[in-house]
Asker: 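Below is a structure I'd like to ask you about.
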Amino acid sequence: METIGPNNGFFEFVTSEEEFIIDGKIKNVKRNFVRRPPGIRALIINKEKKSILFSKEFRYELNDWDLRLPGGKVFDSLEEYKESLHIGDVIEHVEKTVPKEVLEEIGLIVKNPKLIKVSKDGAGVIWDLYYYEITDYEISENGPQLEEDEVINGYVWKTFDEIIELCATNKIHEDRTVGVLLTYILNNK
């Protein structure tokens with residue numbers, strides 16, 4: 001059973017009573033958390049050069065430039081997300097979003113994206129980020145088609161070694177992405 005409090009745009013406050021089986025024993029837990037629709041991130045890989053493509057994007061929350069993986073939101077509203085949760089087709093929306101976001105932000109046509117990680121935000125905040133590996137793509141004739149509030153000042157390939165250094169020196173600010181990048185590099189060096 002869920003009771004949902006007032007929402008603020010993309011976040012909703014949820015109280016949930018859930019049943020868990022821990023070491024063979026049933027435990028009923030009342031949880032309070034906020035939930036928001038998921039997002040996607042794309043690791044566009046050049047396997048020969050062992051490098052990943054980043055955008056130089058202005059981030060309003062930082063009031064500064066950041067190196068970012070292309071990506072974005074899966075749903076345009078909280079209501080769409082809640083309906084998808086109810087129906088059980090969130091992953092279908094996620095899979096449709098990957099090629100759309102990469103085309104809009106980078107100007108690449110994606111073929112065969114591969115899900116490599118679903119990053120969970122935590123117990124108190126439900127905000128999943130779906131990370132995809134993309135090794136098969138081609139350049140679109142139309143180039144990037146940015147949304148009105150997106151500010152991107154170019155794109156850059158970074159080698160695995162450069163990415164490790166950028167992560168170690170806090171030059172990539174999305175912490176969940178740092179963890180996914182380092183894990184990916186360690187598994188693919």
Side-chain angles (χ1 to χ4, degrees), residues 1-45 52 55 57 59 61 68-106 108-137 140 144-150 174-184 187-188:
M1 178 180 101
E2 291 183 350
T3 57
I4 299 173
N7 75 62
N8 182 11
F10 264 79
F11 283 91
E12 68 179 343
F13 302 95
V14 180
T15 298
S16 174
E17 292 188 31
E18 301 174 50
E19 185 175 277
F20 295 90
I21 299 175
I22 303 171
D23 294 332
K25 296 178 185 171
I26 296 174
K27 183 171 183 165
N28 291 308
V29 177
K30 183 176 181 179
R31 295 178 51 218
N32 296 304
F33 54 90
V34 294
R35 175 171 56 199
R36 72 158 285 170
I40 66 100
R41 300 291 183 268
L43 283 77
I44 300 168
I45 309 294
I52 299 175
S55 61
E57 183 174 346
R59 299 300 302 179
E61 70 274 15
R68 302 289 285 205
L69 295 175
K73 61 186 184 257
V74 175
F75 297 94
D76 289 326
S77 72
L78 184 57
E79 288 68 31
E80 285 180 59
Y81 174 50
K82 287 167 54 175
E83 178 65 23
S84 184
L85 279 173
H86 178 73
I87 294 169
D89 67 350
V90 171
I91 194 67
E92 292 172 26
H93 290 272
V94 168
E95 290 172 351
K96 290 178 189 173
T97 301
V98 174
K100 174 186 156 297
E101 284 293 330
V102 173
L103 181 61
E104 286 177 3
E105 286 192 13
I106 302 287
L108 295 178
I109 299 167
V110 171
K111 302 172 186 176
N112 304 313
K114 175 185 166 192
L115 179 64
I116 58 171
K117 171 82 174 169
V118 180
S119 173
K120 305 286 185 182
D121 205 24
V125 178
I126 306 298
W127 177 34
D128 297 340
L129 284 179
Y130 291 78
Y131 286 83
Y132 280 81
E133 175 190 60
I134 298 170
T135 58
D136 190 6
Y137 50 85
S140 166
Q145 306 292 315
L146 300 176
E147 293 182 20
E148 186 176 317
D149 63 341
E150 291 177 307
E174 189 172 55
D175 291 332
R176 291 200 278 174
T177 293
V178 168
V180 171
L181 286 168
L182 293 175
T183 301
Y184 183 86
N187 289 326
N188 289 282

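Position 1 is the first residue of the sequence, and the numbers go up from there. Computed from heavy atoms alone, side chains included, the values below leave out hydrogens, waters and symmetry copies.
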Asker: Any sub-3.5 Å donor-acceptor pair from Thr97's side-chain atoms to His93's backbone N or O?
Answerer: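 Checking the backbone N and O of His93 against the side chain of Thr97, a donor-acceptor pair under 3.5 Å is found.
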Asker: Does the side chain to side chain contact (heavy atoms under 4.5 Å, CB included) test come out yes or no for Glu101 and Glu147, once each step is laid out?
Answerer: CA-CA 10 Å; Glu101 284 293 330; Glu147 293 182 20; 4.1 Å; yes
Asker: Can we say Glu92 and Lys96 salt-bridge, meaning some charged N sits less than 4.0 Å from an Asp/Glu carboxylate O?
Answerer: no
Asker: What is the minimum heavy-atom distance between Pro38 and Tyr81, and which atoms define it?
Answerer: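 Heavy-atom minimum between the residues: CD-CE1, 3.3 Å.
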Asker: Looking at CD of Glu61 and CD of Glu174, how far apart are the two atoms once the value is rounded to the nearest 0.5 Å?
Answerer: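 Here the interatomic distance stands at 8.0 Å.
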Asker: Side chains of Thr177 and Tyr131: does their closest heavy-atom pair fall under 4.5 Å?
Answerer: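 Result yes, sub-4.5 Å side-chain heavy-atom pair found.
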Asker: Answer yes or no: is there a side-chain heavy-atom contact under 4.5 Å between Val74 and Pro37?
Answerer: no
Asker: Kindly say whether Ile45 contributes a backbone atom to a donor-acceptor pair with the side chain of Thr135 at under 3.5 angstrom?
Answerer: no
Asker: Report the distance from atom CG of Asp121 to atom CZ of Phe33, rounding to the nearest 0.5 Å.
Answerer: 12.5 Å
Asker: How many angstroms lie between atom CG of Asn32 and atom OG of Ser16, to the nearest 0.5 angstrom?
Answerer: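 OG of Ser16 is found 9.0 Å from CG of Asn32.
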Asker: Tell me, please, which residues at least two apart from Pro113 pass side chain to side chain contact (heavy atoms under 4.5 Å, CB included).
Answerer: Val98, Val110, Tyr132, Ile134
Asker: Does the side chain of Lys100 reach to within under 4.5 Å of the side chain of Glu104, using non-hydrogen atoms?
Answerer: yes
Asker: Is the backbone N or O of Lys82 less than 3.5 Å from a side-chain atom of Arg35, with the two atoms forming a donor-acceptor pair by type?
Answerer: no
Asker: Just how far is it from atom CG of Asp136 to atom CD1 of Ile44, taken to the nearest 0.5 Å?
Answerer: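 Interatomic distance, Asp136 CG to Ile44 CD1, rounded to 0.5 Å: 12.0 Å.
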Asker: Under a 4.5 Å cut-off applied to non-hydrogen side-chain atoms, are Glu105 and Arg68 in contact?
Answerer: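 In short, these two side chains do not touch, never coming nearer than 4.5 Å.
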Asker: With a 6.0 Å cut-off (strictly less than), is the heavy-atom count around CD1 of Ile26, excluding the residue itself, greater than 12?
Answerer: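 No - once you tally the heavy atoms of other residues, nucleotides and ligands closer than 6.0 Å, there are 12 at most.
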Asker: Decide yes or no for Lys120 and Asp128: does some side-chain heavy atom of the first lie under 4.5 Å from some side-chain heavy atom of the second?
Answerer: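 Yes, side chains in contact.
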Asker: Distance check, rounded to the nearest 0.5 Å: Ile116 atom CD1 versus Thr183 atom OG1?
Answerer: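 Nearest 0.5 Å value for the CD1-OG1 distance: 9.0 Å.
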Asker: Mind checking salt bridge (Lys or Arg N to Asp or Glu O under 4.0 Å) for Glu57 and listing every partner two or more places apart, or none if nothing turns up?
Answerer: Arg59
Asker: Identify the heavy atoms of Val90 and Tyr130 that sit nearest to each other, and give their distance.
Answerer: CG1-OH, 4.2 Å
Asker: Heavy-atom distance under 4.5 Å between the side chains of Leu181 and Leu43, does that happen here?
Answerer: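 Yes; the side chains approach each other to less than 4.5 Å.
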Asker: For Val102 and Tyr137, run side chain to side chain contact (heavy atoms under 4.5 Å, CB included): C-alpha distance rounded to whole Å, both residues' side-chain angles, the deciding distance at 0.1 Å, then the answer.
Answerer: CA-CA 10 Å; Val102 173; Tyr137 50 85; over 6 Å; no
Asker: Please tell me if the side chains of Thr15 and Lys30 come closer than 4.5 Å, counting only heavy atoms from C-beta onward.
Answerer: yes
Asker: Quick one: CD on Glu133 to CG on Leu115, what's the gap to the nearest 0.5 Å?
Answerer: 10.5 Å
Asker: Compare every heavy atom of Trp127 with every heavy atom of Gly39, then report the nearest pair and how far apart it is.
Answerer: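 Smallest heavy-atom distance, with atoms named: N-NE1, 4.1 Å.
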Asker: Hey, is CD1 on Ile22 packed in by over 12 heavy atoms from elsewhere, all under 6.0 Å?
Answerer: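 Counting neighbours around CD1 of Ile22, more than 12 heavy atoms of other residues, nucleotides or ligands fall under 6.0 Å, so yes.
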Asker: Side-chain contact, heavy-atom cut-off 4.5 Å: Glu95 with Ile91?
Answerer: yes
Asker: Kindly determine whether Arg36 and Ile126 satisfy side chain to side chain contact (heavy atoms under 4.5 Å, CB included), including the steps that lead there.
Answerer: CA-CA 6 Å; Arg36 72 158 285 170; Ile126 306 298; over 6 Å; no
Asker: So, for Phe10 and Ser77, which heavy atoms are closest and what is the spacing to 0.1 Å?
Answerer: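 Smallest heavy-atom distance, with atoms named: CZ-N, 4.0 Å.
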